[in-house]
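Right, one structure below, let's go through it.
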Number of protein chains: 2
Amino acid sequence: MGSSGSYVPTRPVDWSEIRAQLRASGLRWTPQRRTLIEVLSRTDGHVTGAELIERCRSVDPTTIPSTVYRTLDVLEGLGLVRHSHGANGREEFHVLPSGVHGHLHCTGCGSTWEIPADEAAEVVESLRASRRFAVDVTHLSISGQCAGCSEKTAH
Amino acid sequence: MGSSGSYVPTRPVDWSEIRAQLRASGLRWTPQRRTLIEVLSRTDGHVTGAELIERCRSVDPTTIPSTVYRTLDVLEGLGLVRHSHGANGREEFHVLPSGVHGHLHCTGCGSTWEIPADEAAEVVESLRASRRFAVDVTHLSISGQCAGCSEKTAH
DNA sequence: GAAGCAGATGCGAGACGTTGCAATATCAGG
DNA sequence: CCTGATATTGCAACGTCTCGCATCTGCTTC
């Protein structure tokens with residue numbers, strides 16, 4: 001697994017821009033943050049905190065969990081990642097959200113799908129109308145059964 | 001805040017019936033389960049696992065966490081309780097659901113509201129139509145800002 | 001390039017949950 | 001009422017995540 005040395009960043013991330021974003025908020029560019037951002041840049045979809053820590057450790061074995069979680073918080077403040085809680089309550093991070101979206105978790109097969117903002121619009125509108133409640137779609141996490149699983153259950 | 005509002009002093013719970021339900025599944029009636037059920041019968045609204053443990057301990061100081069969680073699982077299987085995950089990912093249990101409902105969490109003030117099934121119907125229908133996804137309303141937990149908090153934020 | 005300020009890190013402790021395993025107690029049967 | 005089968009418990013270790021605090025270091029200034 002751990003072939004250290006060369007890997008191909010699949011996503012073009014402008015390091016210096018992130019660094020600039022940090023500075024603009026009076027925040028600092030540290031080796032630990034660089035490590036996490038490098039890991040994130042190679043990550044797609046959803047990752048748990050534990051996975052992120054493990055990946056960081058394979059880049060820098062001295063990685064400390066609390067630092068990762070704190071950096072993740074900072075990065076979330078900059079909009080680089082987003083987190084929500086899976087069906088089991090564990091944190092799930094989502095990298096560089098290309099669009100605002102929520103998640104759907106199937107309790108049957110464990111799969112996860114993204115719900116784009118426009119599809120969630122009905123939900124948002126519904127609650128805004130009835131409760132004047134502003135739904136945070138990025139944290140939206142709905143559990144249930146997907147088409148395949150609910151068919152099996154029905155029988 | 002306090003939206004978890006209503007506290008029902010006593011709810012008519014038929015102990016012997018629960019015992020019978022357990023036995024019908026080959027499960028056993030133990031002092032520990034009796035303690036937890038007694039606590040639950042005095043509880044209304046949402047409770048965290050930790051709170052439940054604390055309350056059990058005030059009835060029986062020898063209460064062990066893992067036993068409580070395991071019993072809660074069993075009870076959930078019987079439909080006596082239901083759990084979901086709050087905005088922070090912590091478990092929240094609700095007792096003898098008088099009606100199927102989900103939850104709304106305000107990230108601003110921390111309040112929680114219940115969303116009755118009929119109000120959640122739109123959401124459920126929307127996802128059933130677009131994805132053939134069967135939403136589990138009892139696990140539905142939506143975060144965002146309540147009317148009061150979003151007004152403050154708007155400024 | 002040295003100094004100082006404030007943000008970050010490292011580390012330990014702690015809260016919440018989960019799991020494996022050996023010992024125990026509930027319940028059915030004789 | 002005694003006995004056996006097995007559901008449960010107690011315990012301890014572990015995993016995920018948060019927090020406080022002393023120390024350190026990135027960044028700005030002079």
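Quick note on labels: first sequence line is chain A, next is B, and so on, each numbered from 1.
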Expected list for residues 69-78 of chain B: side-chain donor-acceptor pairs under 3.5 angstrom, two or more places apart:
residue, atom, partner, partner atom, Å
B/Arg70, NH2, B/Ser66, OG, 3.4
B/Thr71, OG1, B/Thr67, O, 2.8
B/Glu76, OE1, B/His83, ND1, 2.8
B/Glu76, OE2, B/His83, N, 3.1
B/Glu76, OE2, B/His83, ND1, 3.1

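Contacts of A/Arg23 classified as salt bridge (Lys or Arg N to Asp or Glu O under 4.0 Å), with partners at least two apart in sequence or in another chain: none. Partners of A/Glu119 under the side-chain hydrogen bond (donor to acceptor under 3.5 Å, both in side chains) rule, at least two apart in sequence or in another chain, are B/Ser130, B/Arg131. Considering only residues two or more places apart in sequence or on other chains, B/Arg57 meets the side-chain hydrogen bond (donor to acceptor under 3.5 Å, both in side chains) condition with none of them. Under the side-chain hydrogen bond (donor to acceptor under 3.5 Å, both in side chains) criterion, B/Ser143 pairs with no residue, sequence neighbours left out. With sequence neighbours excluded, the residues that form a salt bridge (Lys or Arg N to Asp or Glu O under 4.0 Å) with A/Glu125 are A/Arg128. Considering only residues two or more places apart in sequence or on other chains, B/Arg34 meets the salt bridge (Lys or Arg N to Asp or Glu O under 4.0 Å) condition with B/Glu38.
The span of DNA chain D lying next to chain B, judged by atoms under 4.0 Å from heavy atoms, is bounded 5' to 3' by D/dA5 to D/dC11.
The environment of B/Glu51 atom CD is dense: over 12 non-hydrogen atoms of other residues, nucleotides or ligands sit within 6.0 angstrom.
Each of B/Pro65 and B/Trp29 was matched to the nucleotide of DNA chain C holding its nearest heavy atom; the match closer to the 5' end belongs to B/Pro65. When each of B/Asp73 and B/Arg23 is assigned the nucleotide of DNA chain C bearing its nearest heavy atom, the one mapping closer to the 5' terminus is B/Asp73.
For the pair A/Glu91 CD and C/dC16 P, the computed distance is 16 Å after rounding to whole Å.
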Just by protein heavy atoms under 4.0 Å, how would nucleotides 6-15 of chain C read 5' to 3' in B, S and -? BBSBBB----
